[in-house]
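Take a look at the structure below.
Atom set for the values below is all heavy atoms of this structure, side chains included, hydrogens, waters and symmetry mates excluded.
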Amino acid sequence: MLNIIWPIFIIISIIYAIISGNLKILNLAITSSTESVVSLTLTLIGTTCLWSGLIEIASNTNIINYLKKILNPLIIRLFSNLSPQVYDKVVMNIISNILGLGNAATPLGIKAMKTLQKDNKNKMILSNSMLMFILINTASIQLIPTNVIAIRNSLNSSMSTQIIFPVWIATITAALASIITAKVLIRLGK
């Protein structure tokens, strides 16, 4: 659907620029936005590489095991009957999200969902564990919103880290609301 909507917007914008005599402004906007996109992409790649490298180093040390122990009581309450293979993928995904590594968390989340689907008895309906995992992933509690900070830095924000506290409030609130709602609906469905 977006493959249709975006080209329509672009074509309408070009036609409007031609009709209103603003073709020079359109060309200037295209040139400057292209430069901004390249700069932002390089910034995000650098940030992602840094944090992905740190998570790789952490996964080869005991830090991940300590984080797993910290998250274990929460994971046990949220998910029922996770196999060890799924447990590791789910925990690594949650840790990656907490550290603000959405790009690094995505492959782990996909692997976890595939493994959860293998364990799912009814392949046409999401299991309760799959539903909970999607909700937690969507809320994505972040202690360090690295992508947002990187974007704010690339736009020359003087206080790019000022977003951290509001992100904590928003993501924790979203996670709690979705978890509570899911737990209530799961109990009502039984």
Would you sort out whether I110 and K114 count as a side chain to side chain contact (heavy atoms under 4.5 Å, CB included), showing the intermediate values? CA-CA 6 Å; I110 292 170; K114 284 181 179 178; 3.9 Å; yes

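- Under the side chain to side chain donor-acceptor pair (under 3.5 Å) test applied with N120, the options K123, K118, Q117 reduce to a single match, Q117.
- In terms of heavy atoms, Q142 sits closest to T171 at N-OG1, 3.5 Å.
- No donor-acceptor distance shorter than 3.5 angstrom exists from the side chain of R152 to the backbone of T161, with no hydrogens or angles considered.
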Is there a side-chain hydrogen bond (donor to acceptor under 3.5 Å, both in side chains) between Y16 and N22 once you walk through the steps? CA-CA 8 Å; Y16 182 76; N22 292 324; 5.7 Å; no

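- Heavy-atom contacts from other residues, nucleotides or ligands closer than 6.0 Å to NZ of K111 number 12 or fewer.
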Test side chain to side chain contact (heavy atoms under 4.5 Å, CB included) on I75 and I94 and set out the steps. CA-CA 10 Å; I75 300 296; I94 292 172; 3.5 Å; yes

Please assess N153 against S160 for the test side-chain hydrogen bond (donor to acceptor under 3.5 Å, both in side chains), listing each intermediate value before the final yes or no. CA-CA 6 Å; N153 273 334; S160 58; 2.8 Å; yes

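- At a threshold of 4.5 Å between non-hydrogen side-chain atoms, the residues V90 and I136 do not count as touching.
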Step by step, work out the side chain to side chain contact (heavy atoms under 4.5 Å, CB included) result for L116 and L82. CA-CA 8 Å; L116 284 168; L82 285 181; 3.7 Å; yes

Applying side chain to side chain contact (heavy atoms under 4.5 Å, CB included), run through V38 and T41 and close with a yes or a no. CA-CA 5 Å; V38 170; T41 301; 5.7 Å; no

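- Under the 4.5 Å side-chain criterion, counting only non-hydrogen atoms from C-beta, D119 is in contact with S83.
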